[in-house]
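Input: a single structure, listed below in structure tokens.
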Amino acid sequence: MAKLSVNINKIATLRNSRGGDVPNLLKVATDVQRFGAEGVTIHPRPDERHIRYQDAYDLVPVVYTEYNIEGNPIRKFIDLVLATKPTQVTLVPDADDAITSNAGWDTIKHKSFLQEVTQEFKRNGIRTSIFVDPDLKMVEGALETGAERIELYTESFAHEYGLGNHDGIKPYVAAAELAQQLGLGLNAGHDLSLDNIKFFKENIPGLLEVSIGHALIAESLYLGLENVVNMYLQKLK
């Protein structure tokens with residue numbers, strides 16, 4: 001069974017829109033774990049437009065499952081991760097003005113930089129995952145960085161699946177098979193939803209974890225947070 005890590009960025013977006021503490025981020029993190037989620041994900045950005053850096057510290061005593069912090073490894077982000085020591089850090093090549101993640105790393109071009117960052121996290125006992133497109137060369141390059149896992153960027157799959165093209169899964173299957181051969185752990189995330197998660201999970205070998213935020217929170221507006229978390233858990237079995 002692949003683990004479900006709930007990305008709570010959208011809860012922070014809603015909270016920040018009114019300047020107060022409603023909804024309370026720590027309560028939501030507690031609740032999704034109580035409902036069965038095996039992890040909590042946050043993705044702080046330099047402008048703190050949703051998750052604030054202080055949130056990362058505040059969540060440390062609250063997250064008793066897997067704590068995953070995603071982000072572009074600028075120095076401020078690296079220092080935050082080293083201070084909070086999450087279970088996992090996922091390195092994402094976000095531009096400062098990106099609305100959301102829109103590409104994986106070029107693990108060949110940025111090999112030396114990723115090696116340096118990965119080694120710093122590994123020395124501190126933090127599992128490192130590299131966000132990549134389903135490109136075999138990028139998967140091979142991720143191994144060279146020293147990372148323990150990759151996270152497949154699944155936007156393309158989700159788009160094709162929504163159009164009825166199930167062949168959109170093929171590059172992901174190939175990338176997953178290569179990751180297994182190389183001994184890389186496999187995560188996935190971006191635009192996964194209740195509509196496509198079962199098909200994705202059933203076709204991807206060795207899937208360890210999915211990180212889902214936007215769709216899960218949107219679905220919860222209609223179906224309820226506890227219900228939606230459990231619907232994902234059933235589809236991930």
Side-chain angles (χ1 to χ4, degrees), residues 2-3 5 7 41 43 45 68-74 77 88-122 126-193 195-215 236:
K3 291 184 177 181
S5 186
N7 185 317
T41 291
H43 189 145
R45 287 184 166 88
N68 175 45
I69 301 183
E70 301 179 341
N72 193 332
I74 60 173
F77 177 85
Q88 175 176 266
V89 57
T90 301
L91 307 183
V92 182
D94 286 332
D96 288 349
D97 60 350
I99 295 175
T100 186
S101 305
N102 54 23
W105 284 98
D106 183 331
T107 56
I108 298 171
K109 180 179 179 180
H110 299 287
K111 175 182 173 180
S112 295
F113 172 69
L114 292 171
Q115 283 178 329
E116 180 181 341
V117 173
T118 296
Q119 288 306 311
E120 187 166 7
F121 289 138
K122 289 179 77 171
I126 303 166
R127 186 174 74 226
T128 305
S129 178
I130 306 290
F131 194 64
V132 296
D133 295 308
D135 180 312
L136 300 186
K137 290 183 179 179
M138 297 303 109
V139 175
E140 291 174 344
L143 179 69
E144 296 298 317
T145 70
E148 292 96 332
R149 293 191 185 185
I150 58 170
E151 179 176 326
L152 291 177
Y153 172 43
T154 49
E155 189 274 338
S156 176
F157 156 74
H159 176 73
E160 293 300 321
Y161 187 86
L163 296 175
N165 177 20
H166 290 189
D167 285 344
I169 195 75
K170 289 182 177 180
Y172 294 88
V173 174
E177 289 174 344
L178 178 58
Q180 283 197 306
Q181 293 170 19
L182 297 175
L184 285 167
L186 183 67
N187 301 337
H190 204 90
D191 287 348
L192 296 175
S193 68
D195 289 335
N196 60 37
I197 188 64
K198 185 176 176 63
F199 180 84
F200 186 82
K201 191 267 178 184
E202 288 178 344
N203 285 276
I204 299 298
L207 183 63
L208 298 175
E209 175 186 302
V210 293
S211 175
I212 305 178
H214 182 80
L236 286 167

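Note that the numbering runs from 1 along the sequence shown for the chain.
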Trace of the side-chain contact (heavy atoms from CB on, under 4.5 Å) decision for L186 with E151: CA-CA 6 Å; L186 183 67; E151 179 176 326; over 6 Å; no
Sorted by chain and residue number, the ring-ring contact (aromatic ring centres under 6.0 Å, His included) partners of H214 (sequence neighbours excluded) come out as none
With F199, which residues qualify under ring-ring contact (aromatic ring centres under 6.0 Å, His included), at least two apart? Y161, H166
Could you label the plane-to-plane angle of the Y153 and H190 rings as parallel, tilted or perpendicular, counting under 30° as parallel and over 60° as perpendicular?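 Y153 vs H190 ring planes: perpendicular.
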So, [X] and [Y]: side-chain donor and acceptor under 3.5 Å apart, yes or no?
X    : Y    : answer
E209 : Q88  : yes
T41  : S5   : yes
E160 : N165 : yes

[atom1] of [X] to [atom2] of [Y]: how many Å apart, nearest 0.5 Å?
X    : Y    : atom1 : atom2 : value
I108 : T145 : CD1   : OG1   : 12.0 Å
L236 : E202 : CG    : CD    : 10.0 Å
K198 : N203 : NZ    : CG    : 11.0 Å
D135 : E140 : CG    : CD    : 9.0 Å
Q181 : L178 : CD    : CG    : 5.5 Å
F77  : R45  : CZ    : CZ    : 10.5 Å

Tell me whether K3 at atom NZ has more than 12 heavy atoms from other residues, nucleotides or ligands lying less than 6.0 Å away.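 No - once you tally the heavy atoms of other residues, nucleotides and ligands closer than 6.0 Å, there are 12 at most.
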For atom CD of E116, decide whether the heavy atoms of other residues, nucleotides or ligands shown that lie under 6.0 angstrom number more than 12.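 Count not over threshold, so no.
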Flag side-chain contact, heavy atom, 4.5 Å: [X] against [Y]:
X    : Y    : result
V210 : K201 : no
F157 : L152 : no
M138 : D106 : yes

Quick check: closest heavy atoms across [X] and [Y], and the distance to 0.1 Å?
X    : Y    : answer
V139 : A175 : CG2-CB, 4.1 Å
A103 : P93  : O-CG, 3.5 Å
A147 : L184 : O-CD2, 3.4 Å
A188 : L207 : CB-CD1, 4.0 Å
S129 : N187 : OG-ND2, 3.8 Å
Q115 : E144 : NE2-O, 2.9 Å

Is a side-chain donor or acceptor of [X] paired with a backbone partner of [Y] at a separation under 3.5 angstrom?
X    : Y    : result
N196 : D191 : yes
W105 : L91  : yes
E148 : R127 : no
K122 : G146 : yes

Out of V117, I126, N68, which one pairs with V89 under the side-chain contact (heavy atoms from CB on, under 4.5 Å) rule? I126
Going through the checks in order, is the side-chain contact (heavy atoms from CB on, under 4.5 Å) test met by I130 and L114? CA-CA 9 Å; I130 306 290; L114 292 171; 4.2 Å; yes
